[in-house]
Structures are given as C-alpha cells and as structure tokens.
2 protein chains.
Amino acid sequence: MTAKKTGREITISDIAAAAGVSKATVSRVMNGVSTVNEQIAERVRAAVAELGYSPSAAARSLSLGESRTIGVVVPDLANPMFHQVLHGLNSAAERDGYRVLVADTREHREREVEIALDIRNRTDAIVLFAPRMDRLTMLDLMPKIDPVVIFNRTTGKRAGAVLIDYAEGIGAVARHLIELGHTKIAYLAGPPQARSNMARQDGLDIVRGEHPEVEIVSVDCGSSFEDGYAAWPAVRETGASAAMAFNDVVALGFLGRLAEEGVSVPDELSVAGFDDIPFSQYSSPSLTTMTARLGDVGEKIWSTLLEQIRGTADLEPTTFAPQLTVRSSTGKKK
Amino acid sequence: MTAKKTGREITISDIAAAAGVSKATVSRVMNGVSTVNEQIAERVRAAVAELGYSPSAAARSLSLGESRTIGVVVPDLANPMFHQVLHGLNSAAERDGYRVLVADTREHREREVEIALDIRNRTDAIVLFAPRMDRLTMLDLMPKIDPVVIFNRTTGKRAGAVLIDYAEGIGAVARHLIELGHTKIAYLAGPPQARSNMARQDGLDIVRGEHPEVEIVSVDCGSSFEDGYAAWPAVRETGASAAMAFNDVVALGFLGRLAEEGVSVPDELSVAGFDDIPFSQYSSPSLTTMTARLGDVGEKIWSTLLEQIRGTADLEPTTFAPQLTVRSSTGKKK
DNA sequence: TTGAAAGCGCTAACAT
DNA sequence: ATGTTAGCGCTTTCAA
C-alpha cells in the first residue's frame, strides 16, 4: 500500500481497461506473444499509443527476475582509456540483447562498494573497472555482486578477470628506449596505490635485472595532464635522456611542458606514453606508446560476463598484451 | 509466479527467518527506522552480514514508487565536453541523495528513443545530452519521459532545457580573430545535421553582417580528431590566415596536421577551438578556445531536473555564455 | 485465444 | 516495539 502518486503514471491496468481486455492480454501483446487475436492486439496497441504507455522496468525486473541490463562501475569516466573498452563492451552486450548502464565513482574509493552493490541490485550482472578499493574489501564484495567481472585487478579466481599486462607492456617500452641507446631513463610513476602502477614497477624491475648497465629512475608523478606537466623539473634533475610515462595523458601533459620549455623531442629527450588514447597520434610530436586492442578487451569482458550469467563460469583470468607503437616522440640517443 | 532461480538470491524473508523476526522489522532495520529494539536490530544486522543480504532495488522501486536514481543518455561518452558536465551533474545529484546512471547511445540516433524510454523506466527522471533525434521525434518523446531536462537542444518549454550559447560563442572567437587583423577566416564546420553546428553557423552570419570586409569561409569538416587532421588541404585552399574549429577535438587534430606539415602556429596560421577540454591548455601551442563553466552547467541541469521532479517546474530555458580564453595558438596577422 | 489469480521482494498502514 | 497484511506493476501458470 504505497507508491507515491507521481502525477499520472500509466500502468498495464489502464491499458487493459482502455482496450477492454485483461492485463494478461496486454502483457502478451507487449511481449509479442503470437497467440493473440489480431483485432484485439490492434486495440491494445492503439491504447498503448494513445496513452503513451511504457511498462515499468522495476515491475518487469521483479516479476521476471532479470532485467537484461548490466552495470559498469568506472572510477573516472574522463579517462579516455576506459572509453574504448566501454565501447567494445557496449557493442558486444547490445548484440546479445543487454543494455549497459554506467556509474562513475569519480575516484571516491570509499563509495565504490556502496555504488557497486546498488547498481548490481538493479541489474543482472556487473563489471568493475579498475576498482580502487583495497584487496580485502574487493574479495569480500565479490560474492555479494556475483556475476561480476573485474577489469584490471586480479581476483584469485573468485570472479571473472580481464587484465592488461602492464608489467610486460612497460618492459617493452623500456627495451625500445634501451635499443635506441638510452642508458638513463626516467619513469613518470602513476599513483602509488594504483595496482596498475605497481605492475609497471614490477615490469621495470625485470628490465633492470636484464640491463644492469641501464639506470631507470622512478619520478613521482600521477595520472593527469597536470601531473605530467609538473614533472619536468624532477625529470630534468635526473639527467635522463628518455622518459616513459605512466600513461598517455601524463605523457601529453609532459610534452606540453617540454614544448613550453623549448626542450626538443625526441632530440633532447625521448618521451613515451602508455595506452594509445585517440589523441596520441595527433600530438606533436606524435606519441610513441603501448597500444592495447581495447575494443577487444571490452568484448572479452562481455563474453566472460555472459558466461558467468549463464553459469558456465570459467574463472581463468584473461590477459591482453599491448603492442609497442613507435611514433615520433622517441629517437636515438644523441 | 515466476522469478528465475538464479542460484541463491537472499531476500528479506531469508533474513527475517534467520533473525527470527518479521519482514517488517527487517525492513525497519534496513531503513534505519529508530523504533526497533537494539537487541533485535543487532540480530538482524548479524543475519544481514552473515548471509550477505542486500535489498532488491527493483522491489524497493516498485514499492516506493521511486528509485532515487536518474538516467543520463549521452550520444558519445568519449566526448570530453560531456565529462565535465556529467561531473558537475553527478556531484550535485549526489548531494541531494540521487544516483546517476549513464547510457551511451554511441551515436546510434535511431536507438535514442528506445534507450531513453527504457532508462527512464528504471529511474525517477532523465537527462538527454544533445539528442541526435529529429525535433518531432523529440517533442513526441518528451511527455513520455517526463520529468526530463534536455541539454543543448531547445524544447519550446515542453521540458527543462539548459543550453550553451554557441552562436554567441563562435561570434566571440571570430571577433577575436578579426581584432587580430585577420580578414579571411576558415570555419571548420561540424556535422551538418548537428544543432550545435547550425547555431554556430547562425552566429557566424551575424559576424558576417557586422564585418562585411571580412570573409568567413565554411569548410566541411566534422567533430573528430581525424576530421580536423584531414581538413588541412581544404583550409589551405581557402587562403585563410586563421581557422576556427567546430570544437577543440577538431582543432587539436588540425594542429597535429599543421605540425606535421611544418605550418607554424600562430605565425602562418592562427587556430582556435571551442569547449576548452582539459587537454587544450597542454597542447603545443596551447589552444585559444571558448571556455564554458561546464561544471556549473551540470549543476544547473540537476537543479532544473530536481525542480521538475518536485513538480515546481519552471520551463524557462537556461543559457550559458562561454568566455573566450586566449592562449598561444592565435596571433596577429602577419 | 483469453481471463483470473498468484507471486516476484519490498514498504507502510494498521493492529496488537 | 513488533507483526500482519495489502499492494506496487508486471508475468505466467492454470482453467475456461
């Protein structure tokens, strides 16, 4: 006994009354059940059009036990890297008749759990993009939001996982720079707590082991344009002849600063990014970076999630290895 | 009589049974109704934690007649301009206890109506960002999804509307270029059907009227990096000494091409954008552009929507006038 | 082919 | 302070 009178909501009962049939028949017409007399069906459709009826998703979900909708929780909708993944995910889900709803936590790590629970409760399944919460919280949350796929965090097979191999990727960047003759390389580090930054640090440690003659200096930086822009003095201080950034956004901010400072790239300093966001091929100079097939990543996230929805789970994580794309921002050490 | 057995969903009844109380009491505890005996409340909370219960949003929505959630339909989640608006909207809505769910139509104009109806049916209200559908379709849709606010399309007072004044804005860019001495200016036009492009064309017509001595040449372009990149030959052909782009993304793509071609900016060619996306201050040269307080736009969208939800509608459209931000990509005609 | 009725999980009168 | 119950809008058995 409730339901706020929000003015005049048209319900199935209104249509039934208007068309002079039962609610069951209206439901059948709405759902395209073929056994309805065409005359009657037409009357129903007329009433629907007339009154502008469209069925309550809440009621359908409750009755059906499913909504054919999935949720995606993203820490920062402004991150271009996520868009490409989201795009692939969206297309793939749409092909299978699912709708995708996105919630942006705007880096409020403390609200992630609440938002994930909430959105999961209005959808059939959920995807968490690079969640910022700590591992224990995440592992604890997972059973409560199953079916779930996590992008870019490991889950110890407690949920589907799709990952980009950052360790390997940053290693490829470093080796590229080393081949170009650079022996002192700065790494503009991402946020210290970010898992993807830790993975990159691990990757760099491997390269350090392989090339004791090369010095890779980590410089505190961050993940934004501003962070990259601000990193120049620290990088200069290292005396490095090449810099690789946590991601393209940082690299681009850094490049902007170098242009201002009159530092020529790649002659005086080689610069590399990571992610290959769309703008990176249009910057000047165009940016050497790691390219992941992010659309495919999105599709893989969907297929993994669909398996989970259908119960044919396979919790083996999928890893995508990005490829080096060499453009004009890196060059031989002079 | 339905509800797919999706494994084991915990419901309020399970908690009631586990805690040895009625569903009503569980509901009270979940909703923080104070009149519950602390001992009992504790038992309930224990059961909730134990079983990992979280209430079904569908059932709550149905019972309450509201979900405290709003939907936003965006034509392209990758457009940086939308992020800033979305951010302001999100923050403002959150302050009032509302959750924001975003659906991306990925420029599938023909699916916009369906998606809007669907998302509106699981939320309390909806915002349409720059809908691509034709005007008649839009006007027809509006009553069906009320309460609704439209961003960047006029609605003839049939719904809330928040607009950026593109005509005035592009005029300001043109006048800036004219003051710098440019007499032949290229306009890299956006998609022909885009309302925001038409508004810009109108604004340019006004300037043409004011300055008969100045020639403003419209060059077909588009709205992407690629479009801007590809526009160079056409612009060169016009012989213009300055170019203003449909938006920053186009301007940045164009700038990338100019760098490749060795055209120096602003010495040989002045370039201006529109929107002031975050990267524009880090490009080289940094981009002269029109800055709108997009966060404020988002907040205004929310307050307009909230008025509609509360029934205190005021359908007077709100217009935001962007400000010129001069950076390094425009200069005196040489 | 159509209708009646039960039930999805929850909330809120109302009764105790 | 707690329980009972009706009902939110829909789908689906079951009977006609």
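A, B, ... follow the sequence lines: proteins, then strands. Residue 1 opens every chain. Just so you know, these numbers use all the heavy atoms, side chains as well, and skip hydrogens, waters and symmetry mates. Since this is a predicted model, take the numbers as computed values, not measurements.
- Straight-line distance from the CD atom of A:Glu42 to the P atom of C:dT2: 13 Å, rounded to whole Å.
- Other residues, nucleotides and ligands contribute only 12 or fewer heavy atoms inside 6.0 Å of the CD atom of A:Glu50.
- Remark: A:Arg293 CZ is loosely packed, at most 12 non-hydrogen atoms of other residues, nucleotides or ligands lying under 6.0 Å away.
- If you take CD1 of A:Ile40 and P of C:dG3, they are 6 Å apart, rounded to a whole angstrom.
- Listed candidates were C:dG9, D:dT2, D:dG9. Nearest to the side chain of A:Ser56 is D:dG9.
- Taking a 4.0 Å limit (strictly below) on heavy-atom distances, residues 15-29 of chain B reaches DNA chain D at B:Val21, B:Ser22, B:Ala24, B:Thr25, B:Arg28.
- Atom pair A:Glu9:CD and D:dG7:P shows a separation of 20 Å (rounding to whole Å applied).
- Sorted by first then second residue, the ring-ring contact (aromatic ring centres under 6.0 Å, His included) pairs that include residues 123-147 of chain A, not counting sequence neighbours, are A:Phe82-A:Phe129, A:Phe129-A:Phe151.
- B:Asp296 has no carboxylate O lying under 4.0 Å from a charged side-chain N of B:Lys300, or vice versa, which leaves the two without a salt bridge.
- Residues A:Glu42 and A:Arg45 are paired through a salt bridge, judged by an N-O separation under 4.0 Å between the basic side chain and the carboxylate.
- In this entry the distance linking CE of B:Met30 with P of C:dC10 reads 8 Å, nearest Å.
- Using a cut-off of 4.0 Å between Lys/Arg side-chain N and Asp/Glu carboxylate O, B:Glu107 and B:Arg132 are scored as salt-bridged.
- In this structure, A:Arg122 places its CZ atom 13 Å from P of C:dC10, rounding to the nearest Å.
- Straight-line distance from the CG atom of A:Leu64 to the C1' atom of D:dG9: 12 Å, rounded to whole Å.
- Rounded to whole Å, atom P of C:dT2 lies 9 Å from atom CZ of A:Arg43.
- A sub-4.0 Å separation between OP1 or OP2 of C:dG9 and a side-chain N or O of B:Arg60 is absent.
- Rounded to whole angstrom, the span from the CG atom of B:Asn31 across to the P atom of C:dG9 amounts to 17 Å.
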